Amino acid sequence: MDDDLRAWLPIRLWPDKGEWWVDWCRFGTQPLREPFFYDSVALALQRPFNLAFRRRTGMQALLEWRTRSPGIAPTAFIFHASRCGSTLMARMLSRLDSHAVLSEPSPLDAALRAHYRDPSAAEHQESWIRALLGAYGQRRLGGERALVVKLDAWNIFELPLLRRCFPDTPWLFLYRDPRQIAASHLHSPGRHMVPGLIGPSPLAMADEHEQALSRPEYVARTIGRLLAAGLEQCRRHGGLAVHYDELPGAVTGRLARLLALDPSDAAAVLAGAAHHSKRPSERFGPDRQDKPPAVDDATRQQVEQWAMQPYAALEALRADQRPMVARLP
C-alpha cells in the first residue's frame with residue numbers, strides 16, 4: 001500500500017506497550033451520512049477491500065500525513081448535554097456534499113482523553129488531535145469546504161484542550177430541559193449514564209459514591225454536571241448556547257453562518273430534519289418544551305435539585321447571546 005491516505009480514515013486510536021497506534025479503514029468516496037461515525041465504519045468494513053486488507057500505523061504516520069496533506073480546518077464543533085438534538089443537526093448537515101460531518105468519532109474521543117489513561121500522552125495530544133482532524137478533513141468527495149465535528153457529551157470537559165488546538169473554530173453547546181433528558185436516559189441509557197462504562201473522565205464520580213446513588217439520582221447528577229460544564233465553558237470560551245426547541249430552524253437560521261451554510265443549502269438541510277436522526281426510517285417528531293416530561297415525582301425532585309440551576313443559567317445566557325447572532329439572509 002502507498003503512503004497516500006486520502007481515501008482512508010482513522011477508525012481506532014489506542015495504546016499498546018507504551019506506544020499509541022492508529023487503525024485505518026478505506027472509505028474511498030463513501031460519505032459519512034449515517035447517524036454516528038461507528039455506523040459509517042461498520043458499513044465501510046463490509047466492503048470487500050476492507051474485508052481483505054487492514055491498515056495499522058503508529059502515530060508518526062498520522063503526523064506525517066498532516067504535513068503532506070493538512071485537510072480542511074474544522075469549521076465548527078458541536079457539544080451537547082446528550083439527547084438534545086445534536087445527532088439531528090449532524091444528520092441535517094451531512095446531506096450536503098460540501099460538508100464533511102463527523103458524529104462522535106471514537107478516535108477523537110480517545111485522543112482528547114488519552115492523558116487520563118496514559119499521562120505521558122499529554123505532551124503529544126495537541127499534535128495528535130490536529131493530525132487526526134486533518135485526516136478527517138480530506139476532500140474525499142472533491143468539493144468539501146467545511147468540516148463539522150459533533151463530539152461525545154462527556155467531551156465538554158476536554159473543550160479547553162480542543163480550543164488550544166483550534167482557537168479560532170466556533171462552537172456551540174446544545175441542551176434542553178433536564179427533565180426531558182432524564183426521561184430519555186431512564187428509558188434507554190446512554191453509555192455515560194452507566195457508571196464506569198466510558199472510562200476515565202471528569203464526568204465520573206468516585207466509585208463508592210456512584211454505587212450509593214439511586215438510578216434517578218445518578219442520572220440527574222450526571223445531567224447537572226454536563227449542563228454546569230457547558231455553562232462554564234460557554235462563559236469562558238465563547239460558546240453559543242442553543243436550546244433543542246430551536247431545532248431544526250436554527251440550523252439554517254441563526255446558526256447558518258457558524259456552520260458555513262449558504263442560502264442555497266437551506267432546502268436540502270431542512271429536508272434532513274424530516275426523519276428521526278437515529279432511526280432514519282421513521283418520521284421525525286420533536287419533543288417540544290410544552291410536552292410534559294415522562295418522569296415520576298422522585299426523578300423530578302432529583303432533577304430539580306441537581307440540574308435545574310445550570311439549565312436556568314444556560315437559558316439566561318442564551319437570551320443574552322441571541323441578539324448578537326446574525327441570521328441567514
Side-chain angles (χ1 to χ4, degrees), residues 1-14 19-33 37 40-41 44 50 55-79 90 93-94 96-115 121-152 155 158-172 237-239 257-262 265:
M1 298 183 189
D2 60 35
D3 292 330
D4 188 341
L5 295 167
R6 197 176 313 276
W8 298 73
L9 295 179
I11 62 171
R12 184 185 175 213
L13 190 153
W14 84 105
E19 299 289 337
W20 282 76
W21 302 88
V22 185
D23 269 345
W24 301 74
C25 176
R26 183 178 174 84
F27 278 73
T29 57
Q30 174 191 328
L32 305 178
R33 296 208 169 109
F37 182 68
S40 299
V41 171
N50 291 320
R55 191 166 200 164
R56 177 174 298 175
T57 71
M59 296 301 295
Q60 188 59 34
L62 178 65
L63 296 171
E64 291 174 357
W65 175 235
R66 179 175 184 261
T67 300
R68 297 198 305 274
S69 184
I72 306 167
T75 303
F77 295 120
I78 301 172
F79 289 85
L93 296 171
S94 72
L96 301 174
D97 288 342
S98 60
H99 283 54
V101 182
L102 292 161
S103 185
E104 302 182 7
S106 60
L108 179 57
D109 177 40
L112 286 167
R113 295 194 290 148
H115 58 301
E123 63 180 296
H124 306 292
Q125 277 177 291
E126 292 183 27
S127 60
W128 291 353
I129 291 165
R130 292 189 189 99
L132 190 60
L133 287 176
Y136 289 136
Q138 298 299 308
R139 290 182 170 87
R140 294 183 300 109
L141 306 184
E144 295 94 335
R145 57 179 171 80
L147 173 64
V148 178
V149 184
K150 171 199 164 188
L151 293 99
D152 287 291
N155 290 142
E158 288 77 53
L159 182 137
L161 170 58
L162 194 60
R163 293 289 291 167
R164 291 198 298 272
C165 298
F166 302 101
D168 299 325
T169 300
W171 64 280
L172 60 87
H237 299 284
R257 185 171 299 178
L258 183 148
L259 298 170
L261 294 177
D262 292 331
D265 297 326

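It should be emphasised that the depicted structure is a prediction, and the values quoted were computed from it without experimental measurement.
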Out of curiosity, [X] [atom1] to [Y] [atom2], how far, rounded to the nearest 0.5 Å?
X: Leu93; Y: Lys150; atom1: CG; atom2: NZ; result: 11.5 Å
X: Leu62; Y: Thr67; atom1: CG; atom2: OG1; result: 10.0 Å
X: Leu13; Y: Trp21; atom1: CG; atom2: CH2; result: 12.0 Å
X: Gln60; Y: Glu19; atom1: CD; atom2: CD; result: 10.5 Å
X: Leu258; Y: Ile78; atom1: CG; atom2: CD1; result: 8.5 Å
X: Leu259; Y: Leu172; atom1: CG; atom2: CG; result: 6.5 Å

Of the non-hydrogen atoms in [X] and [Y], which two are nearest, and what is the gap between them?
X: Phe166; Y: Arg130; result: CZ-CA, 3.8 Å
X: Pro105; Y: Tyr136; result: CB-OH, 4.1 Å
X: Cys25; Y: Asn50; result: SG-ND2, 3.4 Å
X: Ile129; Y: Ala111; result: CG1-CB, 3.9 Å
X: Leu161; Y: Leu112; result: CD2-O, 3.6 Å
X: Phe37; Y: Pro107; result: CE2-CD, 4.1 Å

Could you tell me if Gln30 and Ser40 have a donor-acceptor pair between their side chains, going purely by distance under 3.5 Å?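 Gln30 and Ser40 do not have a side-chain donor-acceptor pair below 3.5 Å.
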
Determine, step by step, whether Gln138 and Trp65 satisfy the side-chain contact (heavy atoms from CB on, under 4.5 Å) criterion, reporting the C-alpha distance in whole Å, the side-chain angles of both residues, the deciding distance to 0.1 Å, and the verdict. CA-CA 11 Å; Gln138 298 299 308; Trp65 175 235; 3.6 Å; yes

N/O donor-acceptor pair under 3.5 Å between [X] side chain and [Y] backbone:
X: His99; Y: Leu261; result: no
X: Gln125; Y: Glu123; result: no
X: Arg140; Y: Ala7; result: no
X: Arg66; Y: Pro70; result: no
X: Thr75; Y: Leu147; result: yes
X: Thr169; Y: Pro74; result: yes

Would you check if [X] and [Y] make a side-chain contact, meaning some heavy-atom pair closer than 4.5 Å?
X: Leu162; Y: Phe79; answer: yes
X: Arg55; Y: Leu5; answer: yes
X: Leu32; Y: Ser103; answer: no

side-chain contact (heavy atoms from CB on, under 4.5 Å) between Leu102 and Leu108, intermediate numbers included: CA-CA 10 Å; Leu102 292 161; Leu108 179 57; over 6 Å; no

Measuring centre to centre across the rings, with the benzene-like ring taken for any Trp, is Trp128 within less than 6.0 Å of Trp20? yes

Kindly determine whether His124 and Leu63 satisfy side-chain contact (heavy atoms from CB on, under 4.5 Å), including the steps that lead there. CA-CA 11 Å; His124 306 292; Leu63 296 171; over 6 Å; no

Would you call Asp97 and Arg145 a salt bridge, using N to O less than 4.0 angstrom? no

Apply side-chain contact (heavy atoms from CB on, under 4.5 Å) to Val22 and Trp8, showing your working. CA-CA 11 Å; Val22 185; Trp8 298 73; over 6 Å; no

